[in-house]
J.: 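Mind looking over this structure? Questions follow.
Because the structure is predicted, anything quoted here is derived from the model rather than measured.
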Amino acid sequence: MNVVQCAAKGLREATVRPKLVLLLWLFNALAAGLVYVVFLSSFGGTVGTSALARDMAKKADMNVIVEFVTSRGGAAVSELVLVVLGLSLVYSLLAIFLHGGILQTLIQKGGGWRFAEVFFSGGGRFYGRFFRLEVYSLVLWAAAGLVYVLVDAFIDFNYRGSADESTMAILTVVRILLALFLVFLIKMILDYARILIAGRDSRDVFRSLFEAVRFVFTKPVRTFALYYLLGVVGWAAFAVYEVLDSLVPQTSALTIGLGFLLAQAFIAGRGWLKVAYQASQGRTIGLI
Amino acid sequence: MKRIPPVFAAIFVLAAGSLSAALSRPVASYDIKARLLPDQKKVVGSEVLTWLNTSESPVSELRFHLYLNAFKNNRTTFMKESGGASRGFKADLDNRGFITVEKIRIRDGADLTPSLAYLQPDDGNADDQTVMKVDLPAPVAPGEPLVLAVDFTAKLPKVFARSGFSGDFYMVGQWFAKLGVFQDGAWNCHQYHANSEFFSDFGTYRVEITAPEKFVIGATGKRTSETKNSDGTMTRVYEQEDVHDFAWTACPDFVEFRETYVLDEPSVKTEMILLVHRAHIRQKERYAQALRNGLEFYSRSFGPYPYETITLVDPAPGAMGAGGMEYPTLFTAGTTAWMPQGIRIPEMVTIHEFGHNYWYGMVASNEFEEAWLDEGINTYSEIKAMSRFYGEDRSMIDFAGIRIGSIAYNRMSVLGSGRFDPVLKESWRYISGGSYALNVYAKAGLMLLTLEKWLGEDVMSRVMRTYFERWKFRHPTSKDFIQVAEEVSGQDLGWFFDQALRSPDRLDYGVSGLTAVEIPSGEGVFDGGTAAPTAKTAEAGPPPLEPVLKAYRNEVTVARYGEWVFPQEILIVFDDGEKIREQWDGRNRWTRFVYQKTSKVVSAEVDPDRKMVLDTSYANNSKVLGLKRPGVVKAALKFTFWVQALFSLLSF
């Protein structure tokens, strides 16, 4: 099965599992719900029952943003950032559970199990192993960091004090792209490691991680092509969302509600894409 | 000291500035010969200074600014105050700057060098050598000129705090021994501080600059000659009357563009000279258009630009420490090769720095002591110019769906500040560089915008034109500006300026309460022992001919949250569409307006026309009854969406 077929198969597998996608969206929305409450309270408190609050659905007023950002000496924004950072950490821990649920759902064949039983049992069953995987992955993150530092030092050594702004701008982009490449590489390796652990029900987490690294580097064209092909699907979904969102003039409760539904559809789409990733990667490695 | 008879003195002074075209009284004129030594990063120079004692006191000592000495060691006043960093750039300790006065003498007369001493009039810091004093063998009498010859060497720092070199780029500012201003019987000659700029007398400058031929040169004034030398250098001569400083720049990578700018009303004809670094060549038209906009706006708003040239210098990449600085008829702007069109930093800097030719260049206030008079007035002018040419709500940023206007941009810094300093203060006495910047730039600019909205645009326009016309080529103070504002507006504006300039107080008014309570129909016993008709009795009686209308007691409470007292206008809107505008003198902490009507109040807003741009909160300016807030919900949902996307991205 070639890369495109793998990707197509994965997307199909995700599409036929709406409950799984819905559950992933639900977890995401519930976690973010707290942010909504904090923001509404903080931002709403700044604009109060003023005409600014009345008019802002129709017209963006920079003064509102300025006032919010500077309110209470910037404390409102600091609190919001803290909440977002804290919840990001919590959600990262939750995602370890979700990964287990996704893989168990994809691996489980027949048996008349109910979806919820499969998902939650998978989440619980693999939590410890996937958590250890995250810890072991620190080795990979350190290696990636070292690569980045070396490349950065090389660039710095050769171009320090350069007056060529275009080259410096390009080099900044190169640095960003390198950082993103390394981040996505490790995330891809971890995807395969989880599939190896779940597909074989293996408790040897470190060995699975090692095998995942070996697999990615022995089949780089296949693994990278699949990863970035699905990545393109994700960006295409985002572009579609942006276009649709811009077509809805969100100036009334109804249209704001419509905009909200569009946004949530996109977030659900992110879950769908994750399931597709795992399904197609599982096929690539031959375990799903 | 060589005394010159008054008749010859008059001839000499007139010769220093052309009689026919002189706009100012030349007090300190310089004839300088300067040679750039690129290998040593030095400028070797000799200056002939002609100074006229315009005071009524005899003067027996002279004081000079030696600005470059601010970068001589790490214990100068500038370095102590700045911590070795200015405008986001750090001083390069291996490439310090300084100026050495090798010899100073009265021309054809006494050598004053032995009496040379350094003074520290502001802080007594013995390590600071930015003010030099020499004693004269005999006092210069009032009305008499004095001619001095000074030999000096300026070692340029790596670009820092406006001046210096970066690679082959040279921005040569504050580079020669420059006389202070003799004023009110004493020298006004402050040390170079981290938060201060400059102050000097008008005069005529003639400067010969010799530099390797490969350099493209730009300078204050008009180039009057150009001579190739046998040693591979070229000598260019620049001359300018009616200015109080001279700066120049050199770089082989400049591309020079010249364009004659002509404006019919008022009549302006000047040569725009753009020295754009090769790396930024694609930004040239942005600079050019911004400069045209600046010339048009300032000429039409305040008075015609009078000089024959205006030179824009685009600092080399890596030399932005020299960017965004004004000198007479020459200024430095700043951009990058990749600067997006919608981020209007090049336009803003160009218009702002060009504007300083008016507020600093011609109206030459003391930047050490009353910096708001140039920076604040110029920020006000820049806000108006930027809003006019680029749109009030997007004049600063119009990029990727984000729009920020100059007013909002300046409000941002004022709103986010602590309140420690007033606008009017000696520059080096602010609690921090940030406090200096926000007060003399943003707060002062917004203060004048508030004044404009209070007086009306037409009156304010006349205030500014009168101030410019009356005080150009002189040294006005805050008192002079206030006097012009009061005279033109016909109002006593002491209450405004006392609060706006001299106090760090806050301007904040708001609606603190808004209620509409139904007035119950009368029940119970009233005076005279008669029972009031109740709802029941009303039902029992004959049906009314007209339907009984409900009545409401509407209360609007407005409050003064800040210390500033400012007369207020309040707009009150009722549910039948009626609008009432109330006036309040704003003196008490609060006041209440009560209306008994058959309609309910819907909203109330203080300052509905947003005259008080310095008001620290627009959000509390209004209240709306029964408000549903879909806009707030929309913002919260949008923010939540981006957090959801972040969660998704982080976790999967």
Side-chain angles (χ1 to χ4, degrees), chain A residues 28-29 31-33 35-36 39-40 43-44 46-58 60-67 69-70 73-74 84 87-88 91-92 94-95 98-99 161-166 168-169 187 250-253 256 259-260 263-264 266-267 270-271 273-274 277, chain B residues 166-169 253 277 279-280 316-319 336-338 393 402-405 407-409 411-412 415-418 510-511 514 603 605 608 616-625 627-641 643-652:
Chain A
N28 181 296
V35 173
Y36 174 79
F39 185 91
L40 193 66
F43 188 69
T46 301
V47 292
T49 53
S50 67
L52 292 183
R54 180 191 61 197
D55 300 337
M56 62 184 292
K58 291 179 183 152
D61 185 345
M62 204 58 212
N63 288 293
V64 178
I65 311 288
V66 169
E67 204 153 330
V69 170
T70 55
V84 170
L87 277 175
S88 297
Y91 194 76
S92 297
L94 177 66
L98 299 179
H99 277 120
S162 168
D164 185 346
E165 282 173 355
S166 299
M168 296 310 282
K187 283 167 101 53
Q250 295 166 49
T251 53
S252 66
I256 288 168
F260 170 71
Q264 295 314 304
F266 173 73
I267 294 298
R270 292 279 311 164
L273 191 65
K274 180 62 198 174
Y277 259 111
Chain B
S166 177
D168 261 353
F169 167 82
D253 293 317
H277 194 276
H280 304 146
T336 56
W338 45 267
D393 65 335
I402 298 170
R403 288 175 172 171
I404 302 178
I407 297 175
Y409 174 78
R411 268 176 58 81
M412 205 180 305
L415 262 58
S417 71
V511 177
L514 182 67
S603 66
E605 184 172 9
T616 53
S617 171
Y618 282 164
N620 67 16
N621 278 18
S622 58
K623 274 194 187 299
V624 180
L625 269 191
L627 178 68
K628 292 184 174 63
R629 304 190 297 171
V632 178
V633 171
K634 176 183 165 185
L637 288 175
K638 279 281 176 200
F639 184 77
T640 307
F641 164 70
V643 173
Q644 285 183 278
L646 173 73
F647 285 175
S648 172
L649 202 65
L650 285 176
S651 311
F652 292 139

J.: Taking salt bridge (Lys or Arg N to Asp or Glu O under 4.0 Å) as the definition, give me every residue that meets it alongside A/D61, ordered by chain and number, with sequence neighbours left out.
T.: B/R610

J.: Quick one: of B/P630, B/S622, B/A645, B/A408, who has the most non-hydrogen atom pairs under 4.5 Å with chain A?
T.: B/S622

J.: Do the ring planes of B/H277 and B/H280 sit parallel (below 30°), tilted (30 to 60°) or perpendicular (above 60°)?
T.: tilted

J.: Could you check if a side-chain atom of B/R411 sits within less than 4.5 angstrom of a side-chain atom of A/N63, using non-hydrogen atoms only?
T.: yes

J.: How about A/M56 and B/R629: do any of their side-chain heavy atoms sit closer than 4.5 Å?
T.: no

J.: With a 4.5 angstrom heavy-atom cut-off, which part of B/V633 approaches chain A: side chain, backbone, both or neither?
T.: both

J.: Within a reach of under 6.0 Å around OH of A/Y36, are more than 12 heavy atoms found that belong to other residues, nucleotides or ligands?
T.: yes

J.: Under 4.5 Å, counting heavy-atom pairs only, tell me which of A/L87, A/V64, A/L94 racks up the most with chain B.
T.: A/L87

J.: Would you mind checking which part of B/S603 comes under 4.5 Å of any heavy atom in chain A, side chain (CB onward), backbone (N, CA, C, O), both or neither?
T.: side chain

J.: Given that the side chain runs from C-beta out, which part of B/L646 has a heavy atom under 4.5 Å from chain A: side chain, backbone, both or neither?
T.: side chain

J.: Looking at A/G259, A/S92, A/G48, which has the largest count of heavy-atom pairs under 4.5 Å with chain B?
T.: A/G48

J.: Less than 4.5 Å to any heavy atom of chain A: does that hold for the side chain of B/V624, its backbone, both, or neither?
T.: both

J.: Checking heavy atoms, do the side chain of A/F266, its backbone, both or neither come under 4.5 Å from chain B?
T.: side chain

J.: Going by heavy atoms in the side chains, are B/L649 and A/R270 under 4.5 Å from each other?
T.: yes

J.: Under 4.5 Å from any heavy atom of chain A, what part of B/F641 do you find: side chain, backbone, both or neither?
T.: both

J.: Please name all residues satisfying side-chain hydrogen bond (donor to acceptor under 3.5 Å, both in side chains) with A/S252, sequence neighbours left out, ordered by chain then number.
T.: A/T255

J.: Considering only heavy atoms and a distance below 4.5 Å, find which of A/L40, A/V47, A/I267, A/V66 pairs most often with chain B.
T.: A/I267

